[in-house]
Amino acid sequence: MAAQNPPEKMMFQLSLRRRGISDQTVLRALEEIPRETFVEAADRDQAYRDSALGIACGQTISQPFVVAYMTEQLQLHKDHRVLEIGAGSGYQAAVLSRLCRQVLTIERYRTLADGARVRLEQLGYDNVEVLLGDGLDTATIPGGPFDRIIVTAAVEQIPEALLQRLEPGGILIAPVGPHHGTQTLMRVTRTDAGFERKELVDVRFVPALPGIAREL
Ligand code: SAH
């Protein structure tokens, strides 16, 4: 069913365009997905503001501009298989799912993984699989190689083993830098010659932490 377009949603689109998001398929995906479903009930009236919001387990749902920007930088194709590390609310995975064949997203908090799975199921986004796990422990990630990998928690460096899960020609995007502070969004492309790295923009993400969370 077509998404309704209340004024706040039109402003949302406009602000993404103004900030430089030009890929129509990305803009359409963000327009279609009800972000209010992914935020805390108390924050529903803020769902279409361009800001990050707190979710369960002390984590955050990223700012829509950052979601759009990272998605655009991934240069997705309909037949891609994508790995996300850091499912959080499931919002980024929902966006990805509209633009590729299959998404596997990993989350270290059971509460978040379960919540994301239920939301994505309810919305009928059935090409997303949410797994409870540690995305930094790459040996435990099933499947792959992946056409695209997106890390949505800050890493001090990109694990080499994760890069090895990329298909030739594949792209990985990750916020790289100190856990508490500003990180740089890095894009790594796997070429015949090796890995090509490009610094994109400064961002702030919650840290990627090892292990499945012991708290729920
Ligand atoms: N992409 C999410 C927001 C990510 S917030 C969204 O659209 O809502 C970062 C998430 O990464 C948090 O939920 C955090 O618990 C998770 N995370 C941190 N380290 C992780 C790890 N090693 N493996 C899997 N998930 C991790």
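Note that these values count all heavy atoms, side chains included, but never hydrogens, waters or copies made by symmetry. Each ligand, and each atom within it, is numbered from 1 in the order the structure gives.
- Hydrophobic clustering (ILVMFWY, side-chain heavy atoms < 4.5 Å, transitive): V151 and V95 are in distinct clusters.
- Using 4.0 Å as the threshold, A93 has no heavy atom nearer than that to any atom of ligand 1.
- Contact annotation: the side chain of M70 never approaches that of L74 to less than 4.5 Å [non-hydrogen atoms, C-beta and beyond].
- Heavy-atom proximity to D134, at under 4.0 Å, picks out these atoms of ligand 1: 21 (C), 22 (N), 23 (N).
- Heavy atoms of A87 come nearer than 4.0 angstrom to ligand 1 in at least one pair.
- For atom 14 (C) of ligand 1, the nearest protein heavy atom (residue, atom name, distance) is Q59 OE1, 3.3 Å.
- The shell of residues lying under 4.0 angstrom from ligand 1, judged by heavy atoms, includes P207.
- Heavy-atom contacts of A153 reach the following atoms of ligand 1: 11 (O), 18 (C) (cutoff under 4.0 Å).
- Of the options A94, G86, A52, the smallest heavy-atom separation from atom 11 (O) of ligand 1 is shown by G86.
- Heavy-atom contacts of T60 reach the following atoms of ligand 1: 3 (C), 4 (C), 5 (S) (cutoff under 4.0 Å).
- Applying the 4.0 Å criterion to heavy atoms of Y91 picks out, from ligand 1, the atoms 7 (O).
- Protein heavy atom in closest approach to atom 15 (O) of ligand 1: E107 OE2, 2.7 Å.
- Close approach to Y109 involves these atoms of ligand 1, each under 4.0 Å from a residue heavy atom: 15 (O).
- Shortest contact from atom 19 (N) of ligand 1 to any protein heavy atom: L209 N, 3.0 Å.
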